[in-house]
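Small disclaimer: the values here were computed from a predicted structure and weren't measured.
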Amino acid sequence: MSKDAEVLLLRQPGVVPLHEDAAVFSGMLDGFSRQQVSRGLAKQTIQMRRWQVQRFQRFADSYPWEWLPGDVEDFTTSLFSGPRPLSRSTVRIYHLTLRAFCDFITDQRYGWVAECRSRFGSVPTQVCFEWNTVAHTVDFEGTPGRRPLDYDELDALFAVADARVETLRQQGRKGALAALRDAQLLKTTYAWGLRRREVLGLDVVDLRTNAKTPQWGRLGLLHVRHGKSSKGSIPKRRSVLSLPEFDWAIDGLRVYVEQVREKFSPGNHPGLWPTERGTRVGDRYLDRRFAQLRDEAELSSELTLHSLRHSYVTHLIELGYAEQFVQTQVGHAYASTTAIYTSVTDDYRNRVLAAAIDKFYFPEGST
């Protein structure tokens with residue numbers, strides 16, 4: 001008997017499913033999912049939360065009416081341990097999901113408390129509290145090594161990416177075309193300050209004109225349709241203006257669109273970054289390619305693709321752009337989020353300091 005059939009049997013009085021505990025848990029998950037659909041949360045968010053609850057259930061090897069706070073603590077320890085420990089922010093998301101699920105199944109209006117009492121003689125309770133879950137105490141929870149790249153590091157990264165294209169071409173090896181695409185993809189990520197999902201989700205139609213910069217044609221701005229969602233809602237949209245300081249990337253993107261992309265034979269595929277198989281470049285592929293080029297450029301292993309976005313924010317501040325403009329460009333809901341990434345370089349800070357000293361000690365007209 002399928003789990004769906006067993007869940008249906010729960011609604012029939014006097015009928016006990018073959019796997020009663022699993023059927024009740026599956027019914028809880030289905031109800032939790034429907035509640036989130038009713039709240040308008042994105043399908044991907046709902047699926048992820050359902051998977052997180054299932055992962056906790058498998059770890060605890062018990063069902064919600066048997067869960068204890070100690071199970072959460074043991075689970076948290078496992079997430080922070082092992083060869084690939086999760087970050088503090090990721091573990092906090094697990095805790096928030098478990099707390100929301102427990103709130104749902106312990107709400108008397110949904111009937112799961114009475115259902116569990118009659119079937120198992122015990123009831124679900126809330127197991128996530130302030131004293132056993134990760135608190136959100138600071139705005140930025142990344143590791144110290146997650147920082148922007150300075151200009152020399154960017155030059156080194158892009159030089160390695162360009163050199164890889166030429167090396168493959170001279171050797172007559174397969175992959176030169178993909179390497180050229182990847183190089184421009186990384187440059188676009190930096191020059192428009194995009195997140196991974198945002199850059200990979202770009203379609204050709206998202207290249208737009210800007211009346212204020214007619215010299216760039218259809219590359220006057222990028223229309224981002226896959227921005228970071230807020231509280232599980234649908235992806236946010238925004239327009240990212242092309243800036244004169246990154247005209248080198250604009251020229252490169254124009255060459256790619258007009259001469260390179262068509263060589264992948266994309267046909268009717270709308271994606272800006274197609275593959276030879278007629279699909280979009282994937283996020284894992286892009287992460288691996290960035291890591292490969294980063295290592296070849298002998299840069300810190302703690303730098304990630306997202307560091308390019310941090311670099312964009314930092315460099316715009318150094319170039320004198322107002323923080324509100326930068327906030328709009330990168331799609332931050334709050335100015336405090338933008339401020340986290342404005343870690344300007346020592347060279348810029350020294351220039352500001354020198355200007356302040358000159359203004360204080362040598363004002364205009366002084367002798």
Side-chain angles (χ1 to χ4, degrees), residues 40-45 47-48 158 161 165 175-230 232-244 246-290 293 304-306 308-309 311-313 328-333:
L41 301 188
K43 182 178 180 180
Q44 183 179 10
T45 299
Q47 292 174 337
M48 178 57 68
F158 295 147
V165 178
L177 188 63
L180 183 58
R181 175 203 60 203
D182 297 345
Q184 185 56 48
L185 204 167
L186 292 178
K187 294 172 184 177
T188 300
T189 302
Y190 164 67
W192 280 270
L194 303 179
R195 299 180 178 92
R196 177 179 55 193
R197 185 182 180 190
E198 292 172 348
V199 69
L200 293 179
L202 288 174
D203 288 344
V204 176
V205 296
D206 294 324
L207 309 178
R208 305 287 182 85
T209 59
N210 181 356
K212 299 296 184 180
T213 55
Q215 68 273 24
W216 294 330
R218 61 185 300 187
L219 298 178
L221 62 86
L222 300 185
H223 183 56
V224 174
R225 294 178 292 110
H226 297 273
K228 186 177 181 179
S229 59
S230 177
S233 63
I234 61 175
K236 295 181 180 179
R237 299 190 177 203
R238 73 178 188 280
S239 294
V240 184
L241 301 179
S242 304
L243 303 179
F246 305 99
D247 55 358
W248 52 271
I250 299 173
D251 292 338
L253 185 56
R254 178 183 294 110
V255 171
Y256 169 79
V257 172
E258 295 177 354
Q259 303 178 25
V260 179
R261 182 180 177 274
E262 62 183 15
K263 297 184 184 299
F264 287 92
S265 302
N268 294 326
H269 194 287
L272 182 59
W273 316 104
T275 68
E276 294 88 342
R277 298 181 179 180
T279 60
R280 292 180 187 270
V281 171
D283 52 358
R284 292 184 179 179
Y285 171 88
L286 184 57
D287 285 341
R288 290 195 301 269
R289 178 65 70 228
F290 175 85
L293 297 174
T304 67
L305 180 72
H306 203 68
L308 295 178
R309 175 174 164 87
S311 306
Y312 176 79
V313 175
T328 303
Q329 283 283 96
V330 297
H332 286 156

Checklist entry - So which heavy atom on Y190 is nearest to which on S311, and how close? => result CE1-CB, 3.9 Å

Next on the checklist: Rounded to the nearest 0.5 Å, what separates atom CG in L253 from atom CH2 in W248?
Outcome noted: 11.0 Å

Checklist entry - Quick one: does Y256's side chain get under 4.5 Å of L180's, heavy atoms only? => result no

Checklist entry - Which value, rounded to the nearest 0.5 Å, describes the distance between D287 atom CG and T304 atom OG1? => result 8.0 Å

Checklist entry - Any donor and acceptor pair, going by atom type alone, linking the side chain of N210 with main-chain N or O of K212 inside 3.5 Å? => result yes

Checklist entry - Got a donor-acceptor contact below 3.5 angstrom from the R196 side chain to the R284 backbone? => result no

Item to check | Crowding at CD, Q44 (>12 non-hydrogen neighbours, <6.0 Å) | outcome: no

Checklist entry - Taking side chain as C-beta onward, heavy atoms only, is V165 less than 4.5 Å from Q184? => result no

Item to check | Shortest non-hydrogen contact between V330 and R309, atoms and distance | outcome: O-NH2, 2.7 Å

Item to check | Any R181 side-chain heavy atom under 4.5 Å of T275 side chain | outcome: yes

Next on the checklist: Taking the side chain as everything from C-beta on, heavy atoms only, tell me whether L308 gets closer than 4.5 Å to F290.
Outcome noted: yes

Next on the checklist: Measuring from atom CZ of R195 to atom CG of L305, what distance do you get when rounded to the nearest 0.5 angstrom?
Outcome noted: 12.5 Å

Item to check | Closest approach of S239 to Q329 (non-hydrogen atoms, all atoms of both residues) | outcome: O-OE1, 4.3 Å

Checklist entry - Among L185, V199, L272, which one satisfies side-chain contact (heavy atoms from CB on, under 4.5 Å) with V281? => result L185

Next on the checklist: Please give me the minimum heavy-atom distance between T328 and R238, naming the atom from each residue.
Outcome noted: O-CD, 3.8 Å

Item to check | Non-neighbouring partners of Y312 that pass ring-ring contact (aromatic ring centres under 6.0 Å, His included), sequence neighbours left out | outcome: F246

Checklist entry - So do the side chains of L222 and L207 get within less than 4.5 Å of each other, counting heavy atoms only? => result yes

Checklist entry - So, do L200 and R280 sit near enough that their side-chain heavy atoms are less than 4.5 Å apart? => result no

Checklist entry - Would you say the side-chain atoms of R225 pair up with the backbone N or O of D206, donor to acceptor, closer than 3.5 Å? => result no

Item to check | Side chain proximity check, L286 to L186, heavy atoms < 4.5 angstrom | outcome: yes

Item to check | Check: R237 side chain, H223 main-chain N or O, donor-acceptor pair, under 3.5 Å | outcome: no

Next on the checklist: Nearest 0.5 Å, please: how far is NZ in K236 from CD in E198?
Outcome noted: 11.0 Å

Checklist entry - Which atom pair, heavy atoms only, marks the closest approach of S242 to L221? => result OG-N, 3.6 Å

Item to check | R208 side chain vs V205 backbone, donor-acceptor pair below 3.5 Å | outcome: yes

Next on the checklist: In the structure I gave you, are the side-chain heavy atoms of L194 and L202 within less than 4.5 Å of one another anywhere?
Outcome noted: yes

Item to check | Atom of W216, atom of L243 and distance for their closest heavy-atom approach | outcome: CH2-C, 3.7 Å

